[in-house]
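The structure under discussion appears below in the form of structure tokens.
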Amino acid sequence: MTNFQVPVWGYWLMGLGLLVFIGLLVAYIRQNRGFRRPIFASPYILWLIIFTVLPCLLVAYFSFTDPAGNFTLDNFKSFWDANYHAREENAALIAQYAEMGLTADDLGLGRNAININTLVFSLWMAFICTVVCLLMGYPAAHIMADREFRLGPTLVILFIVPMWMNFLLRTIALMSLLEDNGLINTVLEWLGVGRQKLLNNTVAVQVGMIYNFLPFMVFPIYNVLNKMDYKLSEAAMDLGCNKWRVFYKVTVPLSLPGVVSGITMVFMPAVTTFYISRLLGGGKVQLFGDLIESKFLSTSLNEWNVGSALSLIMMILILLSLGLLQKVDPDSEGGGLV
């Protein structure tokens with residue numbers, strides 16, 4: 001691993017943020033002649049500066065600099081071509097081979113689109129995960145929000161309880177079910193189907209993503225449906241609509257804020273996940289999160305900077321997603337878990 005060092009201005013920014021926080025705190029106390037209720041939320045400002053604002057600034061700083069701290073856009077060029085830095089470092093050797101009529105491809109230093117391909121693959125995997133979660137989650141949320149269904153609150157609890165367990169433990173538990181000697185293969189063998197290769201492939205990773213992120217689709221939709229005024233459905237039925245027309249004319253449009261919120265809450269974690277693919281993919285499936293992790297674990301000098309550029313690209317995608325959510329659901333009606 002490279003020797004990571006925070007730039008000097010990072011320490012100055014942390015110190016300045018602390019002084020500003022203390023100054024604002026003292027000024028607030030003097031102005032109000034004592035403590036008021038909002039002051040107890042003020043430590044969040046310090047927490048926000050140190051653990052949110054500063055890390056984002058550091059990511060942006062390393063994205064636009066080289067290991068020496070000089071401004072560069074080469075890290076983003078490496079996103080489109082993973083061999084860009086390698087060609088720059090071996091420019092003299094490539095020039096010698098060019099005199100012999102050979103190219104960078106002959107040296108194995110041709111254009112490498114692994115970064116952009118991994119991002120596209122991650123987006124595709126996240127898209128499938130989101131669609132399946134929506135197809136499974138919407139009916140579940142609709143059933144739980146049905147006032148005539150007495151087991152609705154019980155189903156809500158059954159969805160919440162697994163979320164109390166650690167994310168890693170849930171994934172390991174699923175891995176134990178899918179392994180060659182796991183429960184599922186044991187049942188398949190008992191039924192005469194025979195053991196199947198359920199682990200260390202793309203399907204296993206997809207199952208893990210759906211299993212872990214399904215509640216994040218269910219609860220926003222449930223939250224909106226549970227708040228919906230059922231008098232609207234009754235009014236539609238009084239006007240001659242049957243249950244199916246009430247569903248797609250009234251229920252579905254009113255639940256769109258929850259659907260958009262659920263899509264956002266599932267899609268973005270699915271794009272950035274990496275530990276699910278490591279455990280269930282067995283190193284054979286690489287997502288964009290795995291790629292970013294590999295950059296920060298690399299011993300190459302410029303890989304931290306390239307990893308920061310990849311992280312910044314992912315942050316931009318997240319901001320675009322949040323912007324879409326805010327535009328469709330400005331009042332955050334789909335937010336929350338319950």
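One-based numbering along the sequence shown. Both backbone and side-chain heavy atoms feed into the values below; hydrogens, waters and symmetry mates do not.
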Identify the two heavy atoms, one from Ser63 and one from Leu312, that lie closest to each other, and give their separation to 0.1 Å. OG-CB, 3.8 Å

How are the rings of Phe127 and Trp124 set relative to one another: parallel (under 30°), tilted (30 to 60°) or perpendicular (over 60°)? parallel

Say you draw a straight line from NZ of Lys295 to CD of Glu303; how long is it, rounded to the nearest 0.5 Å? 4.0 Å

Taking the six-membered ring for Trp and the full ring for Phe, Tyr or His, determine whether the centres of Phe247 and His142 are under 6.0 Å apart. yes

Report yes or no: does Asn201 contribute a side-chain atom to a donor-acceptor pair with the main-chain N or O of Ala204 at less than 3.5 Å? yes

Name the one of Met209, Gln206, Met175 that satisfies side-chain contact (heavy atoms from CB on, under 4.5 Å) with Ile276? Met209

So, for Ala141 and Ile221, which heavy atoms are closest and what is the spacing to 0.1 Å? CB-CG2, 3.7 Å

Between Asn223 and Phe219 (side chain of the first, backbone of the second, donor and acceptor by atom type, cut-off under 3.5 Å), is there such a pair? no

Flag, side chain of Thr273 to backbone of Ala270, donor-acceptor distance under 3.5 Å: no

Is Asn70 reaching over with its side chain to a backbone N or O of Thr65, donor-acceptor style, under 3.5 angstrom? no

Mind checking the CG-CG spacing from Asn75 to Leu310? Nearest 0.5 Å is all I need. 9.0 Å

Mutual orientation of the aromatic rings belonging to Phe64 and Phe71 [parallel < 30°, tilted 30-60°, perpendicular > 60°]: parallel

Got a second to check how far Arg278's CZ is from Asp290's CG, nearest 0.5 Å? 7.0 Å

N/O donor-acceptor pair under 3.5 Å between Ser294 side chain and Leu291 backbone: yes

Residues that Thr154 engages under side chain to side chain donor-acceptor pair (under 3.5 Å), provided they are two or more places apart: none

Side chain Ser255, main chain Thr251, donor-acceptor under 3.5 Å: yes

Tell me whether Arg195 contacts the main-chain N or O of Glu189 through its side chain, where contact means a donor paired with an acceptor under 3.5 Å. no

Exam field: side chain Asp74 to backbone Lys77, donor-acceptor pair closer than 3.5 Å: no

With rounding to the nearest 0.5 Å, note down the distance linking CG in Leu123 to CZ in Phe288. 8.5 Å

Which residue, Leu225, Leu155, Leu151, forms the side-chain contact (heavy atoms from CB on, under 4.5 Å) with Ile143? Leu155

What about Leu54 and Leu319, same hydrophobic cluster or not, with Ile/Leu/Val/Met/Phe/Trp/Tyr joined at side-chain heavy-atom distances under 4.5 Å? no

Main chain of Asn112, side chain of Asp81: is a donor-acceptor contact present, judged purely on distance under 3.5 Å? yes

If I take atom CE from residue Met217 and atom OG from residue Ser261, how far apart are they, to the nearest 0.5 angstrom? 9.0 Å

Does Trp304 have its ring centroid less than 6.0 Å away from the ring centroid of Phe62? no

Tell me whether Phe159 shares a hydrophobic cluster with Leu169, the cluster being built from Ile, Leu, Val, Met, Phe, Trp, Tyr side chains joined at under 4.5 Å. no

